[in-house]
Novice: 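Okay, here's the structure, questions in a sec.
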Amino acid sequence: MAPLQSFLHGMAEYLTPVKTSSSFREKGVLTPEEFVEAGDLLVMRCPSWTWESGESSKRRTYLPANKQYLVTRNVPCLHRVSAMEYTAEHDEEMDNDDGWTTTHKNRETNSMEDLPEISTREERAVAAAAAAARAGMEPVDDSMGVVEEDDSMNLWHGKSYMVAEEPKDNIVKTRTYDVCITYDKYYQTPRVWLFGYDENRHPLNGEQVFEDISQDHARRTVTIESHPHLSGVAYASIHPCRHSAVMKKIVDHLAESGKEARVDQYLFLFLKFISAVIPTIEYDFTYEMDA
Amino acid sequence: EYMGTIFALRCCHILMSLQFQPFNSFVEVAFWQHLANHKLDHLKLSENDVYLEGHYTAADLTHQTPSCFSVDRQSICTENEGNIPVNHYKAPGSVTVFNTMDAFRDFVKNTYLANLGVQVSQDIQSGAALRSPSLLNRFGLLVYADLKTWKFTYWFAFPALSLPGLEASELEPISKTFSDGQQTALSRSFTVLTGGQTRYTPEEWYTSGADNAAFLVRVCHQEVKACPLSQWDEVFSSGDCECYLAFVDPCPLAKNPGWPLRNLLALACTRGLATVNIICYRPQAADISKSCIMQCQLPGASVLTEPKAVGWERTSAGKLAPRVVDLAPMMDHKLLAETAV
């Protein structure tokens, strides 16, 4: 329980004790009004998050038209979950019912330098071709009448777009994600949706997205489904059936240590625990007290 | 004589040719869906241009990645009614959707790009670009959408006017010229210029399209002020003040500026400047210390008498060719059923 407690303690430091809403306090669930309230605070504090209205035909009447769901785009995901190592005992932790936050108790993360990187241009080209093949694409190699431009002022390094540049040309493959939070009416909790792009900005398919989800959850709590506010596009979604239980536990722990979570701070707590499921997707949930 | 040499080395910037990091397009999947519906319901067989509004922001300095030039679900809109997120800057453009791959292939692309360049040049010469700096970032998008297989072939053009003879000093950190206090003042002044707020309510988050991606900075008696581009004459004639031409830079590189500077320099040429000080404005929230300054020596205004444009986007492999995105894995319901557990 130590990691959970230390995380709660760390979280508690961000929070100031104010009154809480009853259903939130007792069950860890939210009303739509509370979801909007919590979303407003998230957008205010972390400007990378925005409200979206989605498609009008898919609008939920119990939410304001311009606040149907939250989204943050182009969130970097620098390395794959498989690059994080687990120690042997971790499987034994799987079936306790402390919620998700304890299943990674013995996880050790390698430092950045140890992570496998695609370091040479050739390897990158191979990786890009492989990614293209996976996505079912034929590489296009046809300039279709465009004459090679005589432009000495175009800095073209032959680099793919989302490649982080570091000194000594130490290249890191950089995927990005769009992360959405919708309100799930049944479970009365927020629900997280992910849509990923590879380093060449091609959409990731389901299998590739699973590489960025904690292996404990990839096929148990995360599934590929249609986004509730956008027609036809499949997103990876973290199933919300355990969300309220985990949120209740977090709120209880805060209360034990003398702190009470405010309902509008729900999404900060929520995103903190969601990061156990998608540990490599670096979305913003820092709770700044000011500025 | 010896002292003279030292003085020369100290006071003069060493000028060299300049290279710009091109824009990197990023098309949200929701845009393709929206475009597909728009083609089926409204355009039908028409291959006419449709107005489109893209946007970009400053580079991500934490991860050292360039910002992307995005088109999203809200990009197909009427002029000046687009929804651009706060801290993003709009760019007006158009999309042409072809009915067949052959039409896409046979379309005369060099003429298309040249025409985009002429439009940019006209907006510079008429003064329209001073009032609406976003006109400097005009773009074009050609698309062939295979709606049966959900495969989209597309090619962005980001026209940049060629400026032969342009030279510049090396980029230097802004801290060499601006004190910490002046940087704070510039950051505040720019915030005021772009809307006057550091915090936004959710309603205010989407604006009608910020149009201050290029601006002027005037330093008078240590006092720093960001001014709109439309105050060009006033700023550059204000006596013994230091004047800078500034732009929000989507490029994070230490030695190169981003693509939007190219047409901005073309504009500076037509205003009769021989040299101009540039600020590559790279904010990280309120911190602008990663911004850079350089001096450019401009060719004469005559370069725009016969404007030549470059700027077809390359593929991720560096080839001059269209890009292809295959959405079938995201759209095909049989595949979806297999992936879902």
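Just so it is clear, the values below take in all heavy atoms, side chains as well, and ignore hydrogens, waters and symmetry mates.
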Novice: Which region of Leu18(B), side chain (C-beta onward) or backbone (N, CA, C, O), has a non-hydrogen atom less than 4.5 Å from a non-hydrogen atom of chain A, or is it both or neither?
Specialist: backbone
Novice: Fit a plane to each ring of Phe23(B) and Phe158(B), take the angle between them on a 0 to 90° scale, and name the class: parallel (under 30°), tilted (30 to 60°) or perpendicular (over 60°).
Specialist: tilted
Novice: Most heavy-atom pairs under 4.5 angstrom with chain A, which of Val310(B), Asp106(B), Val108(B)?
Specialist: Val310(B)
Novice: Quick check on Tyr235(A) against chain B: is it the side chain, the backbone, both or neither that has a heavy atom closer than 4.5 Å?
Specialist: neither
Novice: Return the CD to OH distance between Glu33(A) and Tyr183(A), rounded to the nearest 0.5 Å.
Specialist: 8.0 Å
Novice: In terms of heavy-atom proximity below 4.5 Å to chain A, should Leu166(B) be classed as side chain, backbone, both, or neither?
Specialist: both
Novice: Measure distances from Val27(B) to the heavy atoms of chain A and classify the residue's part below 4.5 Å as side chain, backbone, both or neither.
Specialist: backbone
Novice: What orientation do His38(B) and His34(B) show, parallel under 30°, tilted 30 to 60°, or perpendicular over 60°?
Specialist: parallel
Novice: May I ask you to check whether Tyr69(A) and Trp193(A) place their ring centres under 6.0 Å from each other?
Specialist: no
Novice: Going through the distances and angles, do Arg262(B) and Leu163(B) end up as a side-chain contact (heavy atoms from CB on, under 4.5 Å)?
Specialist: CA-CA 8 Å; Arg262(B) 297 189 71 160; Leu163(B) 294 176; 5.9 Å; no
